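Single-structure report; data block below.
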Amino acid sequence: MSTRAMNRRSPPPSPPPANRLRSRGGGTGFRSPSSSSTSTGMGRTSAITLLDTNHGRERRLQRNIPLRDIQAAIKHGKKERHPSNRNLIIYTYQGQKHIISEDESRRLVTTMVSTIDLQLKYISTQEGAHHRRAQGIICDENSKIPWKSHSILIVDKSGSMRNSDVSGCRTRLGAVWLSIAQDFINFRLEAGTASDMDVVTIILMGEDAKVLVDRHPTNKLLFNRVVEYFHDSEEADREWHRNRGGKKGRNGKRQRGPRPNMRPGFVQPGGHGFYGPSLKKAEDLLEQYDDGHAESALHVLLLSDGRPSDHTFILRDMNDNRKKSKNNKDQICRKTMKEEQDEIEEVYKNVRSTLQKAVERMASKHGRRFNFAAIGMGNMKEYECLKELVSSANDFGGQANFQVPGLSCAEIGAAVSSAATSLTACQTALRSATNIGGQQQRRVRQCLRENSRLLPALTEVVDDTFDIYMNEDVERDEYKDGKFVKVDLRDADAKGVALKQLAFGEGQERLAFQFFELGDDGSTVVGEALVAKESRFIESETDTLGRSNNWLSRDKFVKRFCKLHATAQICAKAFNQKLDSIPNLDLDTARVSFIDCCVYYLNHKTRGQFAVIVEPRLDGKFEKWNNNNGWQMKTSQKDRREIATLPEQENEDEDDDVIDLTGFDKDSIFVSNNEVAQAFSHFSYIHSGRKRLICDLQGVMKKQSKLFCFTDPAIHYHNAREEEGSNLTKYGRTDRGQKGIQNFFDSHTCNGLCNLVTKGFINAD
Ligand SMILES: [Zn+2]
């Protein structure tokens, strides 16, 4: 936000000093000072007399403290005499302090927010030396030690960050430093979720982007550094008020008050806040320092209190040019208000789209490693742009989140710590995916991502972002009766396939790409839209001669996936048959299925032969009903109601927590879709003789055909280490064995369908 915009909102010229005040809608009229009551019997809070002074009023407006708060402080607050001026009383109430004259007129001398103070932490010689070593490793480009995360914090330093309307802090900027120190650094240090190799960079966002802290380890020294910025911001605020209140000198200019001890890097808020340069800087730094740290989490946290003002300079230049052309009399330039307004809108739109592109590029490049958190302070209306940036990051495979906390230190701190928590969650997910056990780490493939929300229904592939494979460069294999057999392409007219180079989806294990079968011209799409899936990792196993064999492990990866799907499909068929056999089960009860998948072997000119898993693209709302870690979707009351209203009988007691379904129609059994999904997981365990549990149920529920189309399930196998000589579990990395089965049943509550579908099996135990 520009300084000018802020000034526009600054308090109007102060009224004469002894302006008597009462709050709006308060007492019935002015009360004379003599009639003011004492603290023992004050009457209504709003009727308490209070006189404003110039200074008191200014402070009150700056800190956004309503008059009523001060009246309440006089009535209910702690009362103490001012230490140096015996005629003044300090009232302390709800984190605010008000200094008021003791006489009956009660002049408000000043008001302040009691602020939080932060102490520097003690650093021992040992800790200092340890820090220097860590800093050396981080900045050494040849170091082999990988970073755990790289966080780039972008802090707005525009003029409006000087506003002192945050409760608990002198200024907005102060609140930001406080939150970073306590809720980003200290919070993670104390929880043990951050250490030296969690690298932090801080960028100051003004009209340009200034790197204030460059690649610092997360430790007590970083905390101290931010605490110093916090203290600076308090000092900067004092300086600002001294200068504004300074007496006018002979030249008519205000004389500057005593200057504080300016440290290098002293941050004085002011000027515009341009998002562009800072986002560009963040993008460049993430890119520049990514070598050798490809498994680390990346985090960009943007803290701002207004919309970007990047467009202001562009508009200024445009105006200058127009003036010049007017002077030259080359053309007479007259624009209506409407035209000018449209022009401004147009420029602002372009600025926003440039910013979005920067975030899209970061998300596209780094995918699920990329965490983007935007925190907007203040007025909700100003944050359209921040919201757009967040959805861009999400669309391109990043993990992004937008928050607008209230204007208090506590709420801003909570927003920052929630950003820190999602960074930690991302790190945990990345770690669990890359660790194979011991010191071994899987390497993540580098790949760009595209917008997942805008998948086209193509009829022709002409785009050079697709790789085309024709004729003998394509082979399709299906898993039938326990082995893979070569089959024709899906569509009778297909002679080749097109595989997109950019991924549109990314799970913990796999990347998803657009995939089409093509006619013999090599460009016309035949058949439906498909999805090709590949491992997120550079799979590497050794062949029988001990050589690292990429091909072997990729082949294993796709085959394991297809086998797993086939196992789940058999179970789904059995489940549907079981449902058919239940008398009285409502005819609309959903059935389950796993979408067909097969393997395509493709021969690339330079990559050589490789395999992808291909399945039909699911259109519709993608949902998850349970996962492989015990989480299960809860059946909501809404779901239950929908079923309850099916028999077209009035449900008169809507507030009743438990709806007795049997009461509606004695002949039919109704279950919700979610209950079908959970019962299927339970069924899979019993059906397999308590050996396998199929979970991680996700995909699309087709409302028309009442059919679940699941994809990518996980199977927990009771004896996880059955496959001999392999360090892998039977059903891949998502197979958590007996522990996974236990987790499922710990959180599973049997629904009405469970009992019906699990009956009639011989207990395998
Ligand atoms: Zn159950």
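Keep in mind that this is a model prediction, so the values were computed, not measured. Every number for a ligand or one of its atoms is a count from 1 in the order of the listing.
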query = Is the distance between the ring centroids of F708 and W625 less than 6.0 Å?
reply = yes

query = Counting only N and O atoms by type, is there a donor-acceptor contact under 3.5 Å from the side chain of K578 to the main-chain atoms of K759?
reply = yes

Return the set of residues passing salt bridge (charged side-chain N to carboxylate O under 4.0 Å, His left out) with [X] (not counting sequence neighbours), or none when no residue passes.
X	value
K691	none
K480	E478
E506	R449, R536

message = Can you classify the ring geometry of F610 versus Y469 as parallel (below 30°), tilted (30 to 60°) or perpendicular (above 60°)?
response = perpendicular

inquiry  = Listing by chain and number, which protein N, O or S atoms are under 2.8 Å from the Zn ion (ligand 1)?
reply    = H682 ND1, H748 NE2, C750 SG, C754 SG

